[in-house]
Colleague: 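Before we start, here is the structure in question, set down as structure tokens.
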Number of protein chains: 2
Amino acid sequence: MSESGAAVRNTRQRSAVSALLGEMEGFHSAQDLHAMLRQRGERVGLTTVYRTLQALADAGEIDVMRPPGGEHLYRRCSEGHHHHLVCRACGRTVEVAGPAVESWADRVAEQHGYADVSHTLEIFGTCPDCAR
Amino acid sequence: MSESGAAVRNTRQRSAVSALLGEMEGFHSAQDLHAMLRQRGERVGLTTVYRTLQALADAGEIDVMRPPGGEHLYRRCSEGHHHHLVCRACGRTVEVAGPAVESWADRVAEQHGYADVSHTLEIFGTCPDCAR
DNA sequence: TGCGTTTTTGACAATCATTATCGTTCCCAC
DNA sequence: GTGGGAACGATAATGATTGTCAAAAACGCA
Ligand SMILES: [Zn+2]
Ligand SMILES: [Zn+2]
Ligand SMILES: [Zn+2]
Ligand SMILES: [Zn+2]
């Protein structure tokens with residue numbers, strides 16, 4: 001027992017990954033982010049990028065998207081529960097909230113006796129710029 | 001041009017895969033299905049199972065689910081657009097329809113100028129049997 | 001500031017579902 | 001029945017992600 005300090009340490013690598021995520025506009029893969037860091041001269045290993053992203057995702061600080069047949073994509077998002085409207089071509093992303101959908105999902109699950117309900121929802125489309 | 005016959009041939013292997021899917025209750029992976037076929041004495045290659053499932057999915061005859069960190073799962077579903085309420089523990093699946101959600105997603109996308117809209121939606125929970 | 005302990009790092013190997021190859025098999029229209 | 005092309009399937013290749021483990025870096029404390 002005993003809480004015993006979580007002992008999470010501040011490292012140059014973690015700061016670099018976190019900072020980069022703060023500047024990025026849309027979703028990016030671990031390998032993309034790693035390449036960007038190296039281009040800036042930051043010396044960070046790919047393994048560490050993967051680990052850091054996973055930790056941030058577990059902590060709820062970033063969102064993960066798993067597109068069909070591709071790498072996992074990460075993005076720093078606003079707090080609170082929301083979903084994404086993503087451009088298939090360029091990745092441009094809009095955060096959307098749908099209270100009605102949330103309650104609908106919970107209600108449907110409850111009607112069937114399911115507990116501990118969660119859900120995933122993504123909307124895909126072609127953004128105005130890419131449609132042109 | 002010229003339509004030229006699609007030239008889709010009926011083979012023992014395709015029939016076997018399709019028939020097996022018809023008997024299965026929930027979602028199953030390509031490797032699971034392959035193992036079941038072999039156990040029945042059906043001689044079908046794993047590659048062919050993958051190819052057949054992909055073809056059926058492309059044709060819209062089966063649904064695909066991609067759980068985090070696992071194999072793709074396939075299931076013969078009813079026709080028409082619908083979503084799934086899935087038990088995290090045993091995989092028990094209920095098909096659900098939500099017209100309100102469909103229109104909400106389309107409306108949101110339209111408001112942001114996105115075209116060719118599609119979406120993915122899955123609800124997860126613990127089914128009554130597994131909750132007990 | 002120096003130390004000891006514990007976490008973190010990262011180069012490299014391992015994993016493993018899926019896909020590509022490509023010679024063989026066998027549908028099926030004629 | 002035959003011929004041409006689709007389908008098969010054993011096997012190798014792919015490629016993202018995870019495991020490994022010795023070396024490096026944090027940080028509480030003296
Ligand atoms: Zn776009
Ligand atoms: Zn939601
Ligand atoms: Zn269950
Ligand atoms: Zn829908």
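Letters go in sequence order (proteins before strands), and every chain restarts at 1.
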Colleague: Do M36(B) and E42(B) have side-chain heavy atoms sitting under 4.5 Å apart?
Modeller: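 No, side chains not in contact.
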Colleague: Write down the distance between CG (L33(A)) and P (dT17(D)), rounded to a whole number of angstrom.
Modeller: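 In whole Å, dT17(D) P lies 11 Å from L33(A) CG.
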Colleague: Side chains of S78(B) and E95(B) only: does a donor on one sit below 3.5 Å from an acceptor on the other?
Modeller: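 Yes.
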Colleague: State, yes or no, whether a side-chain contact exists between Y74(B) and V49(B) at a heavy-atom distance under 4.5 Å.
Modeller: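 They are not in side-chain contact.
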Colleague: In whole angstrom, what separates R43(B)'s CZ from dT25(C)'s C1'?
Modeller: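 That distance rounds to 14 Å.
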Colleague: Taking CG from L46(A) and P from dT9(C), how many angstroms apart are they, rounded to a whole number?
Modeller: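 Value for this atom pair: 13 Å.
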Colleague: Pull out every residue in residues 53-74 of chain A that has a heavy atom closer than 4.0 Å to any atom of DNA chain C, ordered by number, or say none.
Modeller: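 Correct list: empty, so none.
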Colleague: Can you check whether E110(A) reaches D106(A) side chain to side chain, under 4.5 Å on heavy atoms?
Modeller: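 The answer is no; the side chains never approach within 4.5 Å.
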Colleague: Taking atom C1' of dA17(C) as reference, at what distance in whole Å does atom NE2 of H28(B) sit?
Modeller: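 Those two atoms, NE2 and C1', are 18 Å apart.
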Colleague: Take the protein atom CG of D32(A) and the nucleotide atom C1' of dG15(D), then report the distance between them rounded to whole Å.
Modeller: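 These atoms are roughly 15 Å apart.
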Colleague: By nearest heavy atom, map A30(B) and R38(A) onto DNA chain C; which one lands nearer the 5' end?
Modeller: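 Mapping each residue to its closest nucleotide by heavy atoms, the 5'-most match is R38(A).
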Colleague: Are any non-hydrogen side-chain atoms of H72(A) and L53(A) less than 4.5 angstrom apart?
Modeller: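 SC-SC contact between H72(A) and L53(A) ruled out.
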Colleague: Heavy atoms from C-beta onward define the side chain here; which of dT17(D), dG9(D), dA11(C) lies closest to that of V44(B)?
Modeller: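 My answer, after comparing the listed nucleotides, is dG9(D).
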Colleague: Considering every strand and a 4.0 Å limit on heavy-atom distances, what is the contact class for R51(B): base, sugar-phosphate, or nothing?
Modeller: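 Base, at least one base atom sits under 4.0 Å.
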Colleague: Is R88(B) paired with D116(A) through a side-chain N to carboxylate O contact shorter than 4.0 Å?
Modeller: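 Salt bridge absent between D116(A) and R88(B).
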Colleague: So, do Y114(A) and V94(B) sit near enough that their side-chain heavy atoms are less than 4.5 Å apart?
Modeller: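 In short, these two side chains touch, coming nearer than 4.5 Å.
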Colleague: Check the distance between dC27(C)'s P and R14(B)'s CZ and give it to me in whole angstrom.
Modeller: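 From R14(B) CZ to dC27(C) P: 12 Å.
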Colleague: Quick check: closest heavy atoms across W104(B) and G98(A), and the distance to 0.1 Å?
Modeller: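 Heavy-atom minimum between the residues: CZ2-CA, 3.6 Å.
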Colleague: How does each nucleotide of nucleotides 24-30 of chain D score, in 5' to 3' order, for protein heavy atoms under 4.0 Å: base (B), sugar-phosphate only (S), or none (-)?
Modeller: -BBS---
Colleague: Can you find a pair of side-chain heavy atoms, one from R40(A) and one from L20(A), that are under 4.5 Å apart?
Modeller: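 In contact.
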